[in-house]
Structures are given as C-alpha cells and as structure tokens.
Student: 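To start, I am sharing the structure in question, which I have written as structure tokens.
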Amino acid sequence: MTQMDGKAHKTRTTFRMECGVAIAIRATPEKIWALLTRAEEFPSWNSTVTSIDGKIAPGERIALRVPNVDRVFKLTVSAFEPSTRMVWQDGMAPMFKGVRTFTLIAKGDGTTEFSMVEVFAGVMLPMIAGSLPDFGPPFEQYAKDLKAAAERA
C-alpha cells in the first residue's frame, strides 16, 4: 500500500523503473481534476512545469516543458476518466516507454487521495537509466504544489 505522506517511492529492476508519490488533499476530486487538466494554468501552480502546450483531453498530444531541461516531452493522453484517473505516455514498447498515471480517490472525510506514478520500461532502460534524472524530488514538489493549489480558499 502506498503511503500518503507526499514522499516519493522508487523501485528499479533491469528493464523497469518506477517512481510514485501519494498525498492526501483536503479538496474534492473535481477541484483537483480541474487543476490537472487545464494545461495553460499549470505553470501558475506547479513549479515543476514550465509549460504545457495542447489540450489535456482523451487521445490528445501535449508538449510538456520542465525547468532546467532543454527537451520537450511529447506525450499522449491515453486514458481520461474525469475526476478519477488519467494516463500520459510516450515512447515505444518494447524499446523504451514512459507511462505516468494520475489517480484520485475521494475519501469520506472531505479529502482526496492523489497519486502519481511513472513507470519507465523497455529493453533500452539499462543503457539510458544512468542518464535519467532522480524523479523523487520533482514528484514530491509536484504533489506539494498540487495540494497547496487545491486547498487554497
């Protein structure tokens, strides 16, 4: 079971690497979903994102930019279940693929469990894993930023 402490949890095997974070947010899933799906507003609340071009909607392609990285990440929104679950992915299996899953679970106490898990997998992973950044700190910051924005009055 994932801890809802806002701390990143990581695992790695030869052909699979995972980083995830989970946190309890005192807001409705709908309020959090609105933050997660308004691409143009991301930089106003999320310090781990410089910009997102495109529409965050089912089957759409988005271009994600992050601070201090020259690369533009071109992602596809491959799952979109409003106020519940969303998946962004890029790459090509079996070579190398990244899949980021966002999940929202409403609790009876007025909070929502938010989790974000990124899985990198493929036969190229052993060759490029050393060049990938540590996703732990930005994932923790992402969860912290989302919590702060969603809980704002």
Student: Quick one: does R16's side chain get under 4.5 Å of F120's, heavy atoms only?
Tutor: no

Student: Just say parallel, tilted or perpendicular for the rings of F135 and F139, cut-offs at 30° and 60°.
Tutor: perpendicular

Student: According to salt bridge (Lys or Arg N to Asp or Glu O under 4.0 Å), does anything in residues 49-62 pair up with another residue at least two apart or in another chain? List the pairs.
Tutor: D53-R65

Student: Find the distance between NE2 (H9) and OG (S115) and round it off to the nearest 0.5 Å.
Tutor: 10.5 Å

Student: Between F73 and I128, is there shared hydrophobic-cluster membership here, with clusters defined by ILVMFWY side-chain heavy atoms closer than 4.5 Å?
Tutor: yes

Student: Any side-chain donor-acceptor pair under 3.5 Å between Q89 and S78?
Tutor: yes

Student: Are I23 and L146 packed together at the side-chain level, in the sense that at least one heavy-atom pair is separated by less than 4.5 angstrom?
Tutor: no

Student: In the single-linkage hydrophobic clustering (I, L, V, M, F, W, Y; side-chain heavy atoms under 4.5 Å), do V87 and L75 co-cluster?
Tutor: no

Student: Same hydrophobic cluster for M17 and V117, using side-chain heavy-atom links shorter than 4.5 Å among ILVMFWY?
Tutor: no

Student: Look at the side chain of T112 and the backbone N and O of A27, then say whether any donor-acceptor pair between them is shorter than 3.5 Å.
Tutor: yes

Student: For the atom pair CE (M124) and CE (M95), what is the distance rounded to the nearest 0.5 Å?
Tutor: 5.0 Å

Student: State, with a plain yes or no, whether a side-chain heavy atom of V66 is found less than 4.5 Å away from one of N68.
Tutor: no

Student: CD/E140 to CE/M116 distance, rounded to the nearest 0.5 angstrom?
Tutor: 10.0 Å

Student: Quick check: does any side chain N or O of K74 sit under 3.5 Å from a backbone N or O of D90, one acting as donor and the other as acceptor?
Tutor: no

Student: Which pair of heavy atoms, one from G136 and one from C19, lies closest together, and at what distance?
Tutor: N-SG, 3.9 Å

Student: Applying the side-chain contact (heavy atoms from CB on, under 4.5 Å) criterion to I25, which one of K147, K107, M4, E113 satisfies it?
Tutor: K147

Student: At what distance, to the nearest 0.5 angstrom, does OG1 of T84 lie from CD of E30?
Tutor: 8.0 Å

Student: Check whether any side-chain heavy atom of F15 sits under 4.5 Å from a side-chain heavy atom of P126, and report yes or no.
Tutor: yes

Student: Is there a donor-acceptor pair under 3.5 Å between the side chain of R38 and the backbone N or O of I56?
Tutor: no

Student: Indicate yes or no: at least one non-hydrogen side-chain atom of Y142 is less than 4.5 angstrom from one of V21.
Tutor: no

Student: Report whether V77 and L35 are members of the same hydrophobic cluster (ILVMFWY, side-chain heavy atoms less than 4.5 Å apart, transitive linking).
Tutor: yes

Student: If you count heavy atoms of other groups shown closer than 6.0 angstrom to CE of M92, is the number above 12?
Tutor: no

Student: Passes side chain to side chain donor-acceptor pair (under 3.5 Å), E18 versus T11? Steps please.
Tutor: CA-CA 5 Å; E18 178 177 310; T11 60; 4.6 Å; no

Student: Can you tell if the side chain of L104 reaches within under 4.5 Å of the side chain of R85, non-hydrogen atoms only?
Tutor: no

Student: Show, in sequence, the C-alpha distance, side-chain angles and deciding distance for V99 and W88, and conclude whether the side chain to side chain contact (heavy atoms under 4.5 Å, CB included) test is met.
Tutor: CA-CA 6 Å; V99 178; W88 297 354; over 6 Å; no

Student: Are V69 and I52 connected in the hydrophobic side-chain network, where two residues link if heavy atoms are under 4.5 Å apart?
Tutor: yes

Student: Less than 4.5 Å apart, side chain to side chain, heavy atoms only: is that true for F80 and T37?
Tutor: yes

Student: Are the side chain of T48 and the backbone N or O of N46 linked by a donor-acceptor pair below 3.5 Å?
Tutor: no

Student: Any chance you could lay out the side chain to side chain contact (heavy atoms under 4.5 Å, CB included) test for F42 and E40, step after step, and finish with the verdict?
Tutor: CA-CA 6 Å; F42 250 79; E40 68 282 353; over 6 Å; no

Student: Say you draw a straight line from CZ of R152 to CH2 of W45; how long is it, rounded to the nearest 0.5 Å?
Tutor: 10.0 Å

Student: Spell out, as yes or no, whether a donor-acceptor pair under 3.5 Å connects the side chain of E151 to the backbone of R26.
Tutor: yes

Student: So, F102 versus W33, ring centres under 6.0 angstrom or not?
Tutor: no

Student: Can you give me the closest heavy-atom contact between I62 and G54, atom names plus distance?
Tutor: CG2-C, 4.1 Å

Student: For A150, is there any backbone N or O sitting under 3.5 Å from a side-chain donor or acceptor partner on K31?
Tutor: yes

